[in-house]
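Below is one structure, written out as structure tokens; comments come after it.
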Protein chains: 2
Amino acid sequence: MTGVQNGEASKAVADGPARRRSATATRAALRTAAAFRFGKYGYEGTSVRDIAGDVGVDAALVYRYFGSKEALFNDVTGAGKIFEPLLQEPVEAIPDWLCAMLLGAPKDGDFTHPVLSVLRSSGRDEAVARLRADFSEVFSTRLAARLGGPDADLRAELLAAWMLGTSLVLTEIRPPALRSAPDDKLEKYLRSVIETLLGPTACDGVTPQVGEVD
Amino acid sequence: MTGVQNGEASKAVADGPARRRSATATRAALRTAAAFRFGKYGYEGTSVRDIAGDVGVDAALVYRYFGSKEALFNDVTGAGKIFEPLLQEPVEAIPDWLCAMLLGAPKDGDFTHPVLSVLRSSGRDEAVARLRADFSEVFSTRLAARLGGPDADLRAELLAAWMLGTSLVLTEIRPPALRSAPDDKLEKYLRSVIETLLGPTACDGVTPQVGEVD
DNA sequence: AACGCAAGTCAACGATTGATGACAACGATC
DNA sequence: GATCGTTGTCATCAATCGTTGACTTGCGTT
């Protein structure tokens, strides 16, 4: 929108040059481009013309297909609960899943954390409210129920907060030590925190001790 | 900017009705209002007229006093390193300081986490770069040096990530269990994580065990 | 080949944005 | 009380925003 950020179309369009005259393909391409733009520049920082330009299409199509800029934003940020995949795992596998997700986080600058996408686009009260609702339902209720033990809801929320912060720092800040640390060493530290928050029952055996890594 | 958010002037102007004809007072009021707006709505979500309107002054004054909207933003987000206060504490007091800071986080919606203020205003590459630099200098370098032990830089960054995530969830998401938990119970959980990341040497005595709180 | 609908373009609208420079009101100094 | 620099206002600019409706182009059907 400011004219400085260009050449992102290659990232967003994601398919070959011959996609013309296909409504579903254009819709999908618009959604992809919108997710990328909204995530990177926020709601106010993204113009409808930017999104359409990424796809190589006129801005008016956004209104034909989605109705309004806000509807497109809600469509993109609301598609599928953000935190949902965590709950597909059996309880014992949650630490493994968390580690895999955090270690697998893209370390280049082109990725934007989906939670940050919403948080970044403030003023969008509906999206923030939905984020809050998602968070509470997934962590405070469902994950807590599966965790069990005392203060399960509190522990679940604290675990979520830790995960969110770690993920955010890994993908957005990318500080030197975290970026250069080998996966196995980093994983030991991650697991020690997970175990602390989840309680010993959720971990699968040994208790890694901070300070005796490597 | 959208015209929906009004009546925030009382929060930002912060001084009595008789402040006219004082350049320094007006400058300060503009800065306060700008910090509030930028924090809550992001850079693109805030207009110069919004800020000036909060102070009850014409938008042209922003340009007289700060030169441009971007200069005002940099002035506001760059004043004082965001993470600096942490380093003023002696090493042994860091857990106490962290707990106090997290427990003292405002739980109403009018506060915006300063880190989120910057993250929310993306596209402002200079501000994001400064955030990154601040983070690395404070945590990866200076805090790590004071922590000592193996992987001090890594542990410092992980601690910072945890702190950021917890602070963010406390102030922005405000999930039910975290909001209603009594301070002393919450503190026990916080300390157990801090101890895990900082190592036993940094904690002052007993080892609180998750699961036997209350 | 002609038709008709769907996909995409185009030009334009009113509003708002960041920014500028000329102008008016205030308050101290002489 | 006239002077003068400071403080604040006003009108306005060009650009860009979201959005709309009329238009053109392509493609499958008959």
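Remember, predicted model here, so these are calculated numbers, not experimental data. In what follows, chains carry the letters A, B, and so on, assigned in the order in which the sequence lines appear, proteins first and then strands, with residues in each chain numbered from 1.
Stacking of B:K69 on the aromatic ring of B:F38 is not recorded, the 6.0 Å distance cut-off and the 45° axial limit not both being met.
Rounded to an integer number of Å, the gap from CD of B:E70 to P of C:dT17 is 17 Å. B:R64 has its CZ atom 8 Å from the C1' atom of D:dT6, to the nearest Å. If you measure from atom CG of A:L61 to atom P of D:dT20, you get 14 Å, rounded to the nearest angstrom. Spacing between atom OH of B:Y43 and atom P of C:dT17 amounts to 13 Å, rounded to whole angstrom units. Taking atom OH of residue B:Y41 and atom P of nucleotide C:dT17, one finds them 14 Å apart after rounding to whole Å. Per the geometry, NZ belonging to A:K69 stands 8 Å off P belonging to D:dT19, to the nearest Å. Atom-to-atom, CG of B:D50 to P of C:dT16 comes out at 11 Å; the value is rounded to the nearest Å. For the pair B:F73 CZ and C:dG18 P, the computed distance is 13 Å after rounding to whole Å.
For C:dG8, the OP1/OP2 oxygens have a side-chain nitrogen or oxygen of A:T26 closer than 4.0 Å. Checking the phosphate oxygens (OP1, OP2) of C:dA7, no side-chain nitrogen or oxygen of A:S22 falls inside 4.0 Å. The shortest distance between the side-chain N/O atoms of A:Y63 and the OP1/OP2 oxygens of D:dT19 is below 4.0 Å.
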Enumerate all atom pairs, one protein N or O and one N or O from nucleotides 11-13 of chain C, separated by less than 3.5 Å.
from, atom 1, to, atom 2, distance (Å)
C:dA12, N6, A:R49, NH2, 3.2

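Residues meeting the side chain to side chain contact (heavy atoms under 4.5 Å, CB included) test with B:A35, sequence neighbours left out: B:V76. Applying the side chain to side chain contact (heavy atoms under 4.5 Å, CB included) test to B:S68 and every residue at least two apart in sequence or in another chain returns B:E70, B:A71. Residues passing the side chain to side chain contact (heavy atoms under 4.5 Å, CB included) test with B:V62 are B:L30, B:V48, B:L72, sequence neighbours excluded. Residues passing the side chain to side chain donor-acceptor pair (under 3.5 Å) test with A:R130, sequence neighbours excluded: A:T77. Every residue meeting the side chain to side chain contact (heavy atoms under 4.5 Å, CB included) condition with B:S136, not counting sequence neighbours, appears here in chain and number order: A:P175, A:P176, B:S140. Every residue meeting the side chain to side chain donor-acceptor pair (under 3.5 Å) condition with A:S167, not counting sequence neighbours, appears here in chain and number order: A:H113. Residues passing the side chain to side chain donor-acceptor pair (under 3.5 Å) test with A:R142 are A:E84, A:E137, sequence neighbours excluded.
Mapping A:A23 and B:A59 onto DNA chain C by nearest heavy atom places A:A23 at the nucleotide closer to the 5' end.
Between the A:R37 side chain and the A:G45 main chain, no donor and acceptor come within less than 3.5 Å of each other.
Residue-level contact check: B:F66 touches neither bases nor backbone, having no heavy atom under 4.0 Å from any strand.
At its two ends the helix from C:dA1-D:dT30 to C:dC30-D:dG1 runs along axes set 10° apart, each axis drawn from five pairs and the angle rounded to 10°.
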